[in-house]
Amino acid sequence: MIDLTLPEPIAAYFSADKRDGETVARCFTKQAIVKDEGQTHSGPTAIKAWKTETSAKYSYTSEPYAVEQKDGEYIITSRLTGNFPGSPVDLRFVFRLERGKIAFLEITP
């Protein structure tokens, strides 16, 4: 495991990702937007549903290994390994933070 220093809300997200949709949703602002697999999820209820559905569909581990800060965004590269097509895969997580929470997250290959 690589020791990365992640901003607290992002570290909380990756920690919550190992648990459940409810815990993940708490990492976001009330108006937050998540973009993943061509879909957009807005607000805590939709984010919780997205995470719960993804966790039910796939079993995986996520190991962040690179952090970059650019134009007010944090770009985290993480290796996902699990029971999904193409595993393992490196994904880019682009975060925008607002008042100690995640306001925007886009996940791309």
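Atom CD of residue Glu98 and atom CZ of residue Phe28 lie 12.5 Å apart, to the nearest 0.5 angstrom. Here the straight-line distance linking atom CD1 of Ile107 with atom CZ of Arg92 works out to 12.5 Å at 0.5 Å rounding. The line from CG of Leu4 to CD1 of Ile10 is 11.0 Å long, rounded to the nearest 0.5 Å.
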- Might you work through the ring-ring contact (aromatic ring centres under 6.0 Å, His included) test for Phe14 and Phe93, ending with a clear yes or no? CA-CA 10 Å; Phe14 281 106; Phe93 293 73; 5.1 Å; yes
- Intermediate values then yes/no, side chain to side chain contact (heavy atoms under 4.5 Å, CB included), Glu68 and Tyr74: CA-CA 6 Å; Glu68 184 185 344; Tyr74 291 90; over 6 Å; no
- Please assess Ile76 against Tyr65 for the test side chain to side chain contact (heavy atoms under 4.5 Å, CB included), listing each intermediate value before the final yes or no. CA-CA 7 Å; Ile76 314 298; Tyr65 66 86; over 6 Å; no
- side chain to side chain contact (heavy atoms under 4.5 Å, CB included) between Tyr13 and Leu105: does it pass, once the steps are laid out? CA-CA 10 Å; Tyr13 168 83; Leu105 168 59; 3.8 Å; yes
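When each of Asp17, Thr54, Thr81 is paired with Tyr60, the side chain to side chain donor-acceptor pair (under 3.5 Å) condition holds for Asp17 and for no other.
Contacts of Arg19 classified as side-chain hydrogen bond (donor to acceptor under 3.5 Å, both in side chains), with partners at least two apart in sequence or in another chain: Ser15. Looking at residues two or more places apart in sequence or on another chain, you find a side-chain hydrogen bond (donor to acceptor under 3.5 Å, both in side chains) between Glu73 and Arg96.
The closest side-chain heavy-atom distance from Lys35 to Phe104 is below 4.5 Å. Side-chain contact between Leu80 and Thr61: absent, with no pair of heavy atoms (C-beta onward) separated by less than 4.5 Å. You'll find the side chain of Gln39 stays beyond 4.5 Å of the side chain of Trp50, heavy atoms only. By the 4.5 Å heavy-atom criterion applied to side chains, Leu6 and Val67 are counted as neighbours. Residues Thr77 and Leu91 form no side-chain contact, since every pair of their non-hydrogen atoms from C-beta on lies 4.5 Å or further apart.
Nearest heavy-atom pair, Pro9 versus Leu97, reported as atom, atom and distance to 0.1 Å: CB-CD2, 4.0 Å. Across Ile102 and Ala32, no two heavy atoms sit closer than the pair O-CB, 3.5 Å.
Taking a cutoff of 4.0 Å between a charged side-chain nitrogen and a carboxylate oxygen, Lys48 and Asp20 do not qualify as a salt bridge.
Side chains of Ser78 and Ser62: a donor on one and an acceptor on the other come within 3.5 Å.
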